[in-house]
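Structure, as C-alpha cells:
Please read these numbers as outputs of a predicted model, since none were measured by experiment. Order of the sequence lines fixes the chain letters, A, B, ..., with proteins taken first and strands second; residue numbering starts at 1 for each chain. Just so you know, these numbers use all the heavy atoms, side chains as well, and skip hydrogens, waters and symmetry mates.
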There are 2 protein chains.
Amino acid sequence: MVTRTALERREQARFAFEKWLADCPGRQLLDRIGDRWTCLLLRALSDEEQRYSDLLRRVPGVSQKMLTQTLRSMERDGLVSRRITPSVPIRVDYELTELGHSLLPVVDVISAWASVHMSEVNQAREAYDDALQENLEEDLRSA
Amino acid sequence: MVTRTALERREQARFAFEKWLADCPGRQLLDRIGDRWTCLLLRALSDEEQRYSDLLRRVPGVSQKMLTQTLRSMERDGLVSRRITPSVPIRVDYELTELGHSLLPVVDVISAWASVHMSEVNQAREAYDDALQENLEEDLRSA
DNA sequence: CCGTATCCAAAAGGATACTG
DNA sequence: CAGTATCCTTTTGGATACGG
C-alpha cells in the first residue's frame, strides 16, 4: 500500500482540478482574452496590419514590455502573424490571422452587452455602496 | 505658470488613462467576468437558485473565501440576489437577477468560440513551442 | 526601430483558523 | 451553516535601462 500524507493528497487533488480547469475551453479563452491588452490589440489590428511602433502609439498606455509580451503570446496562440522587413531601420508588422479575425465577433458581443448594460451594473454598484454606507453610519449612531 | 515635475506629469497622464480605460465598457466587463470564478458561478446559477453550501460543492475547487468574495461582488454589481432565511441553521440562497441572466448568452458565445477553436489555439501553441525548441538546439550546435 | 533584461509594487487568490 | 480574519504565495504588469 502506498502511504501518502495529507499534503500529498491535497496536492494531487489540486493538480487534478487544475487539469480539469485547464480543459474547460471557456475558461481557457478567458485566460487568453481576459488580460489587460489582448482585446485592445485585437481591435487595433481589426482593420489592417500595423507595425510595432504604430501599435505603441495607437494603444494608449501600453508599455513596450506589455506590447511585446502580449503580441508574442498572441502569435504563439495563432491569433496574429509577425512579418519582419530587415530594412534599416528594421520594420515589423503584425496582422490578425484568420483565427484572430474569427475572434472579433466574440469581442463585439462582449462590447455590445457592455455598452447596453454596464450602466446598470454601475448603478447597482453605487446603490450597493450607498446602502453599505448607511448601515455603517447607523451602526455608529447606535454605538 | 504652473510648474510640474516629470513625475507629476506622468502621474497625471496615467490617471487620465486609467480613467479612459475604466470608461471603456468592454474592458469593464472583462474585468468583471474575466476572473477565475464569475463565469463558473453564472453557469452554476443559470438554472435555479442555489444555497451557499451547494455552490461550494458544485463548483469544484472554489474556496470559501473566493466563493464569498465573488458572490459579494456579483451581488454588488446587480448580477445575483441574496436571500437569507434566518432559520437554525441559517440558510442563504443566491439567485441570478435579470441582469445576471442577460449575461448568459454572452458567456455562451465565449464558450461556443472556445469549443470550436480552442484546439486550433493549442495546436498553434505546440507548433510555436516546437519551433522555438528547434531553434534553441540549432543555436547549441552552432556554438 | 524593435525589442530584452532586471527590478519592483500591487493585486489575485489559496490555506488555515476562528465566529455568530 | 455561512461566513471572517489572517497570512502567504503566485501572478501581473509597470519603470527603467540596455542591446542588435
Side-chain angles (χ1 to χ4, degrees), chain A residues 5-15 17-18 21-22 27 30-41 49-75 80 82-94 132 139, chain B residues 5-11 13-15 17-18 21 27 30-41 49-75 80 82-94 132 139:
Chain A
T5 66
L7 186 79
E8 280 170 337
R9 262 181 282 111
R10 256 185 289 116
E11 295 275 311
Q12 171 107 2
R14 175 173 173 150
F15 181 77
F17 168 65
E18 293 291 342
L21 205 61
R27 177 67 243 161
L30 283 170
D31 279 342
R32 169 68 280 189
I33 64 172
D35 64 33
R36 205 147 205 75
W37 303 112
T38 299
C39 274
L40 265 2
L41 286 179
E49 68 175 358
Q50 302 280 335
R51 50 190 303 189
Y52 183 86
S53 45
D54 289 333
L55 287 172
L56 206 53
R57 269 188 298 274
R58 287 165 59 105
V59 180
V62 70
S63 64
Q64 275 197 334
K65 177 189 171 185
M66 288 318 294
L67 181 57
T68 302
Q69 197 173 106
T70 308
L71 284 171
R72 279 284 183 284
S73 73
M74 288 172 80
E75 189 197 2
V80 303
R82 177 165 174 269
R83 194 163 44 82
I84 306 169
T85 310
S87 51
V88 182
I90 195 176
R91 169 191 182 118
V92 181
D93 288 274
Y94 290 90
L132 212 70
D139 289 352
Chain B
T5 67
L7 186 78
E8 280 170 336
R9 261 181 283 111
R10 257 186 287 115
E11 295 275 311
R14 173 169 176 153
F15 181 77
F17 169 65
E18 293 291 343
L21 206 61
R27 179 66 243 162
L30 282 171
D31 279 344
R32 170 67 281 188
I33 65 172
D35 64 33
R36 204 147 208 77
W37 304 111
T38 299
C39 274
L40 264 2
L41 286 179
E49 69 176 358
Q50 302 280 334
R51 49 191 303 188
Y52 184 87
S53 46
D54 288 333
L55 287 171
L56 207 53
R57 270 187 298 274
R58 288 165 59 105
V59 180
V62 71
S63 64
Q64 275 196 334
K65 177 190 171 184
M66 288 318 294
L67 182 57
T68 302
Q69 197 174 106
T70 308
L71 248 15
R72 278 283 184 284
S73 73
M74 289 172 80
E75 189 196 3
V80 302
R82 177 166 176 268
R83 194 162 44 82
I84 306 170
T85 310
S87 52
V88 181
I90 194 177
R91 169 189 183 118
V92 180
D93 289 273
Y94 291 89
L132 211 72
D139 289 353

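- Rounded to an integer number of Å, the gap from B:E49 CD to D:dA2 P is 12 Å.
- Taking CE from B:M66 and CG from B:L40, the interatomic distance works out to 11.5 Å, rounded to the nearest 0.5 Å.
- With hydrogens and angles ignored, the 3.5 Å screen pairs a side-chain donor or acceptor of A:S87 with a backbone N or O of A:P89.
- Looking at every heavy atom in both residues, B:V62 comes nearest to B:L67 through CG2-N, 3.7 Å.
- One distance of note links CD1 of A:I33 with CE of A:M74; it measures 10.0 Å at 0.5 Å rounding.
- A:R51 has a side-chain polar atom (N or O) that falls below the 4.0 Å cut-off from OP1 or OP2 of C:dC2.
- Across the protein-nucleic acid pair, B:R58 atom CZ and D:dA2 atom P stand 14 Å apart, rounded to whole Å.
- Summarising the geometry, the separation between CZ on B:R82 and P on D:dC1 is reported as 16 Å, rounded to the nearest angstrom.
- Per the geometry, CG belonging to A:D54 stands 11 Å off C1' belonging to C:dC1, to the nearest Å.
- Looking at which nucleotide of DNA chain D each of B:Y52 and A:G34 is closest to, the 5′-most match is held by B:Y52.
- Distance CD/B:Q64 to OG1/B:T68: 6.5 Å, rounded to 0.5 Å.
- The stretch residues 63-72 of chain A touches DNA chain D through A:K65, A:M66, each having a heavy atom within less than 4.0 Å of the strand.
- Across all their heavy atoms, A:R36 and B:D31 have their closest contact at NH1-OD1, 4.2 Å.
- Under the side chain to side chain contact (heavy atoms under 4.5 Å, CB included) rule, A:D93 has a single partner from A:Q50, A:R82, A:R83, which is A:R83.
- The closest side-chain heavy-atom distance from B:L41 to B:Y94 is not below 4.5 Å.
- At whole-Å resolution of the value, CG in A:L30 and P in D:dT12 are 14 Å apart.
- Here D:dT10 presents its C1' atom at 11 Å from CZ of B:R36, a figure rounded to the nearest Å.
- Side chain of A:S73 to backbone of A:T70: a donor-acceptor contact under 3.5 angstrom is found.
- With rounding to whole Å, B:L56 atom CG is found 10 Å from D:dC1 atom P.
- Contact check of residues 86-94 of chain A against DNA chain C (heavy atom, cut-off under 4.0 Å) returns A:P89, A:I90, A:R91, A:V92, A:Y94.
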